Structures are given as structure tokens and as C-alpha cells.
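Treat the numbers as computed from the prediction; the structure is a model and nothing was measured. Whatever order the structure lists ligands and atoms in, that order sets their numbers, starting from 1.
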Amino acid sequence: MISINKQINFNRPFITGKEIIYIQEVLNGGLISSEGEFIRKCQDYFEKRYQSGKALFTSSCTSALEMAALLLDIGPGDEVIVPAYTFTSTANAFLIRGAKIVFADSRSDNPNIDEKSVEALISPKTKLIVPVHYAGVACNMEELMRIAERNGVKLVEDAAQGVNAFYKDKVLGSMGQIGCYSFHNTKNITSGEGGLILINDASLGKKAEQVYHKGTNRIAFNRGEISKYEWVNKGSSYTTSELNAACLWAQLEDLEIIQERRGKIWKYYYQSLKPLEEQGYLRLNDVPEFARHNYHIFYLLLKNENERLQLATHLKNKGIAAYSHYHALHNSQYFKTFYKGSQLDNAEYYEKCLLRLPLYSGLQEEDAAYVSSVIASFFR
Ligand SMILES: *Cc1c(COP(=O)(O)O)cnc(C)c1O
């Protein structure tokens, strides 16, 4: 029999306590749809702090990415370069518009897109590159921006995991024409489901408001700029409820605290597991110099798939939830039905060897100490 004295969850959203107060305020106020104060406050927060052209609070990061596809007129005949090691939405958003997805490999030192491999994937049909900032660690944005500019293609940042993380002094999501965030339950700050689109290219601002609001000029109408609103563009409903924004606002107010707590656990893991890396048992997260990350994920890289599976089982037997992450998309069941692509060695390596440890704001240092000791006991 295995005795389990501790149970450590993989993730738990951090609840500040103010969410319920703000949600109650919304209910009392009688305006629960997408045109209230909390959505405005959340959007202002990102526009002001990030000096972005326009921020629109969406129902998810998936819908923000889908909106980006509409805004940039991505369609049949276009090619979009996406890293293979990512979530389905990064590719789906453009695929459902009829674009061909061209998968790029990851870097060898971290799971982000290998910028050196990107230029070879560009063809006359390429419209867009979609870098994903995995674990809130920045991609090499200067190089990607150079490549995009040189080849006349656009950049949409999938910064779903990248809220409050930086490339040098630039916040993630602010460097491409468009940036997309997620506030899903599993992310650093959450509204349960939710997202945000940052429109950095000012020329897209007006169209963005229309596409966001069912193809109408309702937002301009709300500002009093026109006397009636009507159908002026293609679009859909990417809006969400005030209730979600009320929840997110509480989290934004405590963002510093949330980040500090995550950082403490992340650094504890790093220090306590460093000796195992030095002894050659595993690799730890590698954060490039240009990146200031947000402690979204702490992962280990094992020597092979079997060792990753064994360690995950060992942790599970001790009450600890630890998970691998993406099934590389170029190898997915769906994509393989119409695509025979090349091998992407690094993406496949992260699929097999990467293991994520529990990390959330409510985790205690003693919990992290327990996790580290269980990992050490596996190698002993
Ligand atoms: C979480 C995540 C998404 C999807 O976010 P939703 O808000 O759940 O739609 C997309 N891309 C990446 C890289 C993610 O981590």
C-alpha cells in the first residue's frame, strides 16, 4: 500500500475575495451585458499600462485569435506559420478561415518557435506568423519582427500565457500588429473564461471595434459619435459579460500579489532542483536573457518519454499532480488526415520529455519543498 499524506493539485485559481463583491455590484446595477464599467476598466488598464492602441475584452483567447484572422482578412490561399508545440486555437483560428497552416519547430533551449527556422517556411503565399510565448517566456521578438518586415508578413502574438511578461522592456502582446491574451481558469489571472485582444496597429482600430461587435458601429454609437448604429462590416460576437470583467478586475487589482506568490514558488523549485540538473538527471526551464517572464509554468525536461511517464507516476503515487503539455499539432490526429509534413524534432522532444509541476498562487513553500523532495527521491 502506498500511503498518501499530502495531496497537491496542479492548479487552482487565486481568488482575492473581491470578485464576489464586484459581481454583486454588477447584478445590483442591472447592466450585465458587455457595455458596463468593469469591461471599460479592464480595457483601460491594458491600454494605459501597455500604451496599446486599443484593448477589447473578449470571451476567450481563442475568440481573440479568431477575431485577428477576420481583421487581417486571412482566407483561402493564404499560409500562416504557427509553432507545432502549442494549443489547438493558435492554428484553428486561421484554419477555419481556409488558410493553410505551416508548422514551425521549437527552439532547442525552450519550446518557443525557432526563429531561425521561420524564414525557410515563408512562401509568396505567407500572410502571417503567430509566435506563442510559451510559459510566458518571450520569443525572440526582434528577430521575428525583422523577418516579418523583410518578407512583408504580419505578426499576431499568441500571448495567452504572457500577461505581465516582457521581451526586454516591451510587454508581450504589444509587438505584433495584434496580441491575444487568455484569462482562462488555468492562467495567472482569470475570469473563468475570458480573453483580450490588443490592437497595436492603429489602422485596424476602427475595424476591430466593428468586427468585435457583430459587424456594427455600435461602439461608436455608444460614444455618441453617430446617431444610430447599423451593419457596417463583417463580424461576430466576441464580447462577453460584465460578470466576467468584474471577476477579472478583482484579479488585476491584486496582480502584484499573485505574481509575487507564483514567483516565490517558481524560484523555490528552481533552486531546490538545480543540483539535479547539475548532476545531469534533468534540465530545468531555460529563460533567455531578453525575457522577463511571469512564472506561468515550471517544467522539467526528462531524458526521454519513458522517464517522464515514470516520474509523473511516481509523483502521482505521492499525491502530486504533474502533467506533460501539448501533443505537437503536426502529429495530431486531425492534422494528419490532410497533411504529411516533415518531422519537427524539437517539438516532438517537448511533447515527450516535458513535465509541468504544480504552480499556483495558493501553493505554499512547504508544498514545493515536498514536490522537490519527491523528485529527488525518484533519481536516488
Ligand atoms: C490557454 C491558451 C489558449 C486558449 O485560451 P482560451 O482563453 O482558453 O481560449 C491559446 N493559446 C495558448 C498558447 C494558450 O495557452
> Cationic tip of R12 within the cone over Y360's six-membered ring, i.e. under 6.0 Å and within 45° of the normal?
no

> Nearest non-hydrogen contact with atom 9 (O) of ligand 1 belongs to which option: V132, L65, T90, T62?
T62

> With a 4.0 Å cut-off on heavy atoms, does C180 reach ligand 1?
no

> R218 and salt bridge (charged side-chain N to carboxylate O under 4.0 Å, His left out): which single residue from E35, E209, E230 fits?
E35

> Do L273 and L359 belong to the same hydrophobic cluster, where Ile, Leu, Val, Met, Phe, Trp and Tyr are linked whenever their side-chain heavy atoms lie under 4.5 Å apart, directly or via other members?
yes

> Among all protein heavy atoms, pick the one closest to atom 7 (O) of ligand 1 and tell me residue, atom and distance.
S182 OG, 2.7 Å

> Checking a contact table here: which protein heavy atom is nearest atom 12 (C) of ligand 1, and how many Å away?
A160 CB, 3.4 Å

> I need the nearest protein heavy-atom contact for atom 11 (N) of ligand 1: residue, atom name and distance, please.
D158 OD2, 2.8 Å

> Can you name the atoms of ligand 1, numbered from 1 with element, that are less than 4.0 Å from a heavy atom of G194?
7 (O)

> Check for me whether Y85 has a heavy atom closer than 4.0 Å to any atom of ligand 1.
no

> Evaluating non-hydrogen atoms only, which member of Q161, E66, H184, K187 is closest to atom 1 (C) of ligand 1?
K187

> Restricting to non-hydrogen atoms, name the atom on Y295 and the atom on R262 that form the minimum distance, rounded to 0.1 Å.
O-NE, 2.9 Å

> Would you mind running through ligand 1 and noting each atom that sits below 4.0 Å from a heavy atom of Y326?
13 (C), 15 (O)

> Compare all side-chain heavy atoms of F378 with those of L315 and state whether any distance is below 4.5 angstrom.
no

> Quick check: do L198 and Y50 have side-chain heavy atoms less than 4.5 Å from each other?
yes

> Near F87, which atoms of ligand 1 are under 4.0 Å from a heavy atom of that residue?
3 (C), 4 (C), 10 (C), 11 (N), 12 (C)

> Among all residues two or more places apart in sequence or in another chain, which pass the salt bridge (Lys or Arg N to Asp or Glu O under 4.0 Å) test with R308?
E305

